[in-house]
Structure formats: structure tokens, C-alpha cells
Number of protein chains: 2
Amino acid sequence: MQKEKSLETTELRLAKMLKALGNPVRFEIMEMLANRQTCMTYEIVQSTPLAQSTVSQHLKVLREAGLVRGEVEGPATCYCLDPDGVRWLKDQIEGWLPDCCSGSPDA
Amino acid sequence: MQKEKSLETTELRLAKMLKALGNPVRFEIMEMLANRQTCMTYEIVQSTPLAQSTVSQHLKVLREAGLVRGEVEGPATCYCLDPDGVRWLKDQIEGWLPDCCSGSPDA
DNA sequence: TCCTTATATCGTAATTTTACGATATAACAA
DNA sequence: TTGTTATATCGTAAAATTACGATATAAGGA
């Protein structure tokens with residue numbers, strides 16, 4: 001019944017995630033979180049040549065895309081991948097474009 | 001401003017694809033090509049409110065990301081998804097972030 | 001040949017993104 | 001309270017993206 005609206009929302013959410021991942025700095029943050037499971041913000045800042053405010057801005061984009069979660073721990077924040085968001089993204093990409101490109105690699 | 005150089009080649013290619021897909025116009029072009037198998041450029045132009053030159057620019061981005069192919073047919077060009085590129089993207093996303101968020105939503 | 005059609009590229013505004021320093025906030029210690 | 005630490009947000013330049021109209025190119029047809 002409510003399929004149309006949710007489809008629209010699905011595409012919006014997917015586009016937002018893809019756009020967030022399309023930036024190389026944010027992409028590297030995602031890989032760092034995948035490797036380390038969790039990171040404090042200052043660790044992420046130290047791993048880049050960027051200003052703290054810039055990294056914080058990128059983290060906000062990733063948060064709003066549903067790709068990472070930040071948990072406040074005292075004065076600091078501990079970030080990790082958002083398992084639900086990442087799995088949802090992988091499922092979407094997997095089921096995307098079903099009419100093509102699903103067979104074996106032809107030369 | 002940005003440090004794309006530090007990314008590995010595979011990651012660069014993946015980032016380029018994700019960036020290309022992060023634009024809603026290009027995302028819709030991809031979906032149109034998935035639905036119709038092939039499209040002439042003018043059909044894609046007609047499906048949007050944008051100028052022909054703008055659509056041509058978006059197609060160039062998709063081409064350079066390896067997501068679509070354009071084949072010249074007389075004075076026109078016939079576009080289709082690039083099966084190799086799309087499958088590569090799906091495989092990359094599938095194998096990405098292997099330490100988390102993989103498999104079915106188990107308890 | 002010239003003319004039409006379809007597309008790509010050029011030049012350039014308008015918009016968006018990115019990055020920075022400065023400042024605000026929030027938790028905790030002395 | 002004051003001071004420190006860690007992070008977020010604000011204000012604003014610089015850079016990149018997006019979009020347009022104009023023009024170039026390339027294939028056929030008259």
C-alpha cells in the first residue's frame with residue numbers, strides 16, 4: 001500500500017550513502033573504522049592531514065547518511081560503522097540492476 | 001585540498017564509481033539504462049529537464065567511471081550499462097568491509 | 001556540395017562542497 | 001569555581017561541481 005513512498009525514500013537514502021562514500025576522505029574514514037572496529041575522533045583526525053573541524057564535518061555527513069555511529073564517552077566520542085546501514089547498503093547494491101551484470105564474467 | 005593520491009588504484013576506481021553514482025541525475029540515468037537495456041542519448045535527454053550538453057557531461061562522467069558504454073551509430077550514440085564495470089562494482093561492495101556487517105541479519 | 005540530425009566539447013555563470021580558524025559545548029579534574 | 005581535553009558548530013574563503021548556451025564534429029540525405 002505505502003510502497004511508492006518507501007521506494008522514493010529508499011532511493012533517496014541510497015543516493016545519500018553513495019554521495020557520502022564518493023568523497024575520498026570519507027571513504028578512508030570508513031575503511032579505517034572497518035579495520036579498527038572503533039575509533040575516537042582524535043584518532044581519525046590524527047590519521048589525516050586535515051583540521052579537526054573538517055574531519056568533524058565529514059563525520060557528520062557519514063552519520064547523517066547512516067553509515068557510522070558516534071557514541072559520546074565523557075568529553076570524547078567513539079565512532080564505529082553502523083552495521084545496519086552498511087548491510088542495508090550492501091543489500092541494495094547487491095539487488096540493484098537485476099537485469100544485467102549478474103552472470104559470470106564473460107570476456 | 002583533497003588527497004586522492006593516497007588511495008590505492010582499486011580504491012580510486014571504486015571511489016570514482018561511487019562519486020559518479022552519488023549524483024541523482026547520474027543515478028537515474030543508470031536506472032533508466034538498467035530498465036531499457038540501451039538508450040540513444042536523445043532519449044536520455046528527453047527523460048530529464050536538463051539541457052543536452054548537461055546530460056552529455058553526465059554521460060561522460062559515467063563513461064569515465066566505467067559504468068556505461070557509448071557506441072557510435074551513425075550520427076547518434078547508443079548507450080548501455082558497462083557489464084564489466086557494474087559487476088566489478090557489485091563485487092567490490094560485496095567484499096568490502098569484510099569484518100563487519102556481512103551475512104544475514106543473525107541474532 | 002549544402003543541410004539536417006545527433007552528440008560532444010567549450011566557455012562561463014551559479015551553486016555546492018570542502019577546508020580552515022575561531023568559537024561553543026560538554027565532561028571531568030584540581 | 002577555573003582549567004583542560006575532546007568534539008561540534010559557525011562563518012567564510014577556495015575549489016569543485018553543475019548547468020546552460022554557443023559552437024564544433026561527424027554521419028547521412030537531398
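By convention in this document, chain letters (A, B, ...) are assigned in the order of the sequence lines, proteins followed by strands, and residues within each chain are numbered from 1.
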Could you tell me how far apart [X] ([atom1]) and [N] ([atom2]) are, to the nearest whole angstrom?
| X | N | atom1 | atom2 | result |
| --- | --- | --- | --- | --- |
| B:N23 | D:dT18 | CG | P | 5 Å |
| B:E71 | C:dA6 | CD | C1' | 15 Å |
| A:R69 | D:dT7 | CZ | P | 19 Å |
| A:L50 | D:dA15 | CG | P | 15 Å |
| B:K19 | D:dA16 | NZ | P | 9 Å |
| B:I44 | C:dA6 | CD1 | P | 14 Å |

Counting only side-chain N and O atoms of B:H58, is one of them less than 4.0 Å from OP1 or OP2 of D:dT17? no
Would you please name every residue forming a side-chain contact (heavy atoms from CB on, under 4.5 Å) with B:E73, sequence neighbours left out? B:M40, B:C78
Who are the side-chain contact (heavy atoms from CB on, under 4.5 Å) partners of B:A51, not counting sequence neighbours? B:S53, B:T54
Polar-atom pairs under 3.5 Å, protein N or O versus N or O of nucleotides 8-12 of chain C: list them with distances, or write none.
| residue | atom | partner | partner atom | Å |
| --- | --- | --- | --- | --- |
| C:dA8 | OP1 | B:Y79 | OH | 2.7 |
| C:dA8 | OP2 | B:S56 | OG | 3.0 |
| C:dA8 | N7 | B:Q52 | NE2 | 2.7 |
| C:dA8 | N6 | B:Q52 | OE1 | 3.2 |

For B:E28, is the CD atom crowded, meaning more than 12 foreign heavy atoms sit under 6.0 Å from it? no
Would a 4.5 Å heavy-atom cut-off, applied to side chains only, mark A:L21 and A:M30 as touching? yes
Which hydrophobic side chains are connected to B:V61, either touching it within the sub-4.5 Å cutoff or through other members that do? none
Pairs under 3.5 Å (N/O, protein and nucleotides 25-30 of chain C):
none

Does anything in residues 43-89 of chain B form a ring-ring contact (aromatic ring centres under 6.0 Å, His included)? List the pairs, not counting sequence neighbours. none
Does any pair with a residue in residues 14-43 of chain B pass ring-ring contact (aromatic ring centres under 6.0 Å, His included), and if so which ones, sequence neighbours excluded? A:W96-B:F27
Check every atom of D:dA16, C:dA6, D:dC20 against the side chain of B:A51 and return the nucleotide holding the closest atom. D:dC20
From C:dT18, C:dA19, C:dA6, pick the nucleotide closest to the side chain of A:R26? C:dT18
Not counting sequence neighbours, list each pair that qualifies as a salt bridge (Lys or Arg N to Asp or Glu O under 4.0 Å) and has a residue in residues 45-62 of chain A. none
Listed partners of B:E43 passing side chain to side chain donor-acceptor pair (under 3.5 Å), at least two apart: B:R36
